[in-house]
Each structure stands twice: as structure tokens, then as C-alpha cells.
Amino acid sequence: DTEVTQTPKHLVMGMTNKKSLKCEQHMGHRAMYWYKQKAKKPPELMFVYSYEKLSINESVPSRFSPECPNSSLLNLHLHALQPEDSALYLCASSQAVQGPMNTEAFFGQGTRLTVV
Amino acid sequence: DAKTTQPPSMDCAEGRAANLPCNHSTISGNEYVYWYRQIHSQGPQYIIHGLKNNETNEMASLIITEDRKSSTLILPHATLRDTAVYYCIVRAQTGNQFYFGTGTSLTVIP
């Protein structure tokens, strides 16, 4: 199983809503990632978790709150978003390695988020 | 933190080889070059990666120059399904990050 599963596939939320995006993998990977992708732009790294601990936060606004409750699951909690936060949110996972970076990351199909 | 430069777009005739260049002149000695592609807003798909030797798998070949400052992804017989945005990525030396550059939009023409 080399699949990263993201739910939901589509989400429409109001600016006062609270919602969560979910990502799951069963490959035994210990590094998990959130990316944000605007239309016709490359994915932008948001967060990296390594062994269930947040290792990188790319200066993401606090209205995005990541959580890694266990080694298979990654959540992104959303609160008080703005319309400009509408984007494709991608989750990825890879083996967390020390030393040479010789293993690929696997990406989910993303959640298409629209903030109204 | 993208450390790669790619042409924004390329065309390739169906059945011909597609050669996609990437410049990574600031690459460090133990940083790998990865290639991914993304088809129409699906999740990025891994293609191939390498350190300094040329690599080949069932999807593509990766040619890395001896000084490691550039590389070329080769799709030997392009099909219409290879139309996608191709990203060349230098994986960060520390941590687990994959930073995407701007990519090349490849269009395979019938």
C-alpha cells in the first residue's frame, strides 16, 4: 500500500467556520507534510512532522493548526480562514531518515478548499 | 527555498523523447535531485531521483552532469498522458523538506 489518503476531497467553508482536513498513510512513514497549492503555482510547504513532532513551520498563520495524533494520521485544523486561503491542500509522507535524503515522498490527491 | 530553475513550458511530439532540463547550480554534495510530475491538479507523482550517477527506471531516465549543477529528465517515448507539470526538486540537506520550484509545463502534441 503506497497510498496517502486525504479527506474530504472538496470542502466549502465560511469564514467563521471551524473545519479539519485529514490525511492518513499506512506505509510506516515517520515524516508527514502539509502543502498549499494555489492555481497554476507550485506546492508551497507549510508544515513538516517528524516522528509525530512538528519540525518545520514555514511561518504559517495561526488560523492553520496542524496535529499529528499518531504515526499514521495528520490533521490540519482550520479556523477563521480568509477567501485567499482557498487552495488545494496536499498531504505527503516519507520515511524519516537521518543522513542522506534518499527516499521519495508520496502525495495524496489533495483537498480542494473554498472559503466563502 | 527552491533551488532549481526550469523552463516554464515545453512541447514534445507524441512518440518522441522529451528532455526536460533543470539547473541546480547551488546544490550541495549530499543533496539529491528529485523529479515529480503533477497532472491537472492531482497530487504530485514521484518519477525518479539521483545523487550523481545517471538513473533509469520504468518511467524515465535522469542524467546528472558531472559537476552536479544541472540535470535532464528524459521521457523516452512521450505519450499524451505525459502532459503535466514537471518539477525538479533539490531535497534539503537537513530535515525532510521537499521544496518545489516553478516547474515545466510539458505538452505532448499528437
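Quick note on labels: first sequence line is chain A, next is B, and so on, each numbered from 1. The figures that follow rest on heavy atoms only: side chains count, while hydrogens, waters and symmetry mates do not.
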Please set out all donor-acceptor pairs under 3.5 angstrom arising from side-chain atoms of residues 30-37 of chain A, sequence neighbours excluded.
{"unit_1": "A:Arg30", "atom_1": "NE", "unit_2": "A:Glu52", "atom_2": "OE2", "d": "3.0"}
{"unit_1": "A:Arg30", "atom_1": "NH2", "unit_2": "A:Glu52", "atom_2": "OE1", "d": "2.9"}
{"unit_1": "A:Arg30", "atom_1": "NH2", "unit_2": "A:Glu52", "atom_2": "OE2", "d": "3.0"}
{"unit_1": "A:Tyr33", "atom_1": "OH", "unit_2": "A:Ser94", "atom_2": "OG", "d": "2.7"}
{"unit_1": "A:Tyr33", "atom_1": "OH", "unit_2": "B:Asn96", "atom_2": "O", "d": "2.7"}
{"unit_1": "A:Trp34", "atom_1": "NE1", "unit_2": "A:Asn75", "atom_2": "O", "d": "3.2"}
{"unit_1": "A:Tyr35", "atom_1": "OH", "unit_2": "B:Phe98", "atom_2": "O", "d": "2.5"}
{"unit_1": "A:Gln37", "atom_1": "OE1", "unit_2": "B:Gln38", "atom_2": "NE2", "d": "2.7"}
{"unit_1": "A:Gln37", "atom_1": "NE2", "unit_2": "A:Lys41", "atom_2": "O", "d": "2.8"}
{"unit_1": "A:Gln37", "atom_1": "NE2", "unit_2": "B:Gln38", "atom_2": "OE1", "d": "2.8"}

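Transitive grouping of hydrophobic side chains (ILVMFWY, heavy atoms separated by less than 4.5 Å) keeps B:Ile39 and B:Tyr87 in distinct clusters. By the criterion of side-chain heavy atoms lying less than 4.5 angstrom apart, applied directly or through intervening Ile, Leu, Val, Met, Phe, Trp or Tyr residues, A:Leu81 is grouped together with A:Val60 in one hydrophobic cluster. Clustering ILVMFWY residues whenever any of their side-chain heavy atoms sit less than 4.5 angstrom apart, transitively, puts B:Met59 in the very cluster that holds B:Ile48. Both B:Leu75 and B:Leu62 belong to a common hydrophobic cluster when Ile, Leu, Val, Met, Phe, Trp and Tyr are linked at side-chain heavy-atom distances under 4.5 angstrom. Residue A:Leu11 is grouped with residue A:Met15 when hydrophobic side chains (ILVMFWY) are merged at heavy-atom distances under 4.5 angstrom, including chains of intermediate members.
For B:Gly101 against A:Pro42, the heavy-atom pair with the smallest separation is O-CB, 3.0 Å. Contact detail for A:Leu45 and B:Tyr99: the closest heavy-atom pair is CD2-CE2, 3.6 Å. The shortest heavy-atom contact between A:Val48 and B:Gln97 is CG2-CG, 4.4 Å.
The side-chain heavy atoms of A:Glu104 and B:Tyr36, taken from C-beta on, include a pair separated by under 4.5 Å. No side-chain heavy atom of B:Gln42 sits under 4.5 Å from any side-chain heavy atom of A:Leu90.
No more than 12 heavy atoms of other residues, nucleotides or ligands sit less than 6.0 Å from atom CZ of B:Arg16. Under a cut-off of 6.0 angstrom, the local environment of NZ in A:Lys18 is sparse, with at most 12 non-hydrogen atoms contributed by other residues, nucleotides or ligands.
From A:Thr103, atom OG1 reaches atom OH of B:Tyr34 across 5.0 Å, with rounding to the nearest 0.5 Å.
Interface with chain B: from residues 105-116 of chain A, residues A:Ala105, A:Phe107, A:Gly108, A:Gln109, A:Arg112 qualify, criterion being any non-hydrogen pair under 4.5 Å.
In terms of non-hydrogen atom pairs under 4.5 Å with chain A, the most contact-rich of B:Gly50, B:Pro44, B:Ser105 is B:Pro44.
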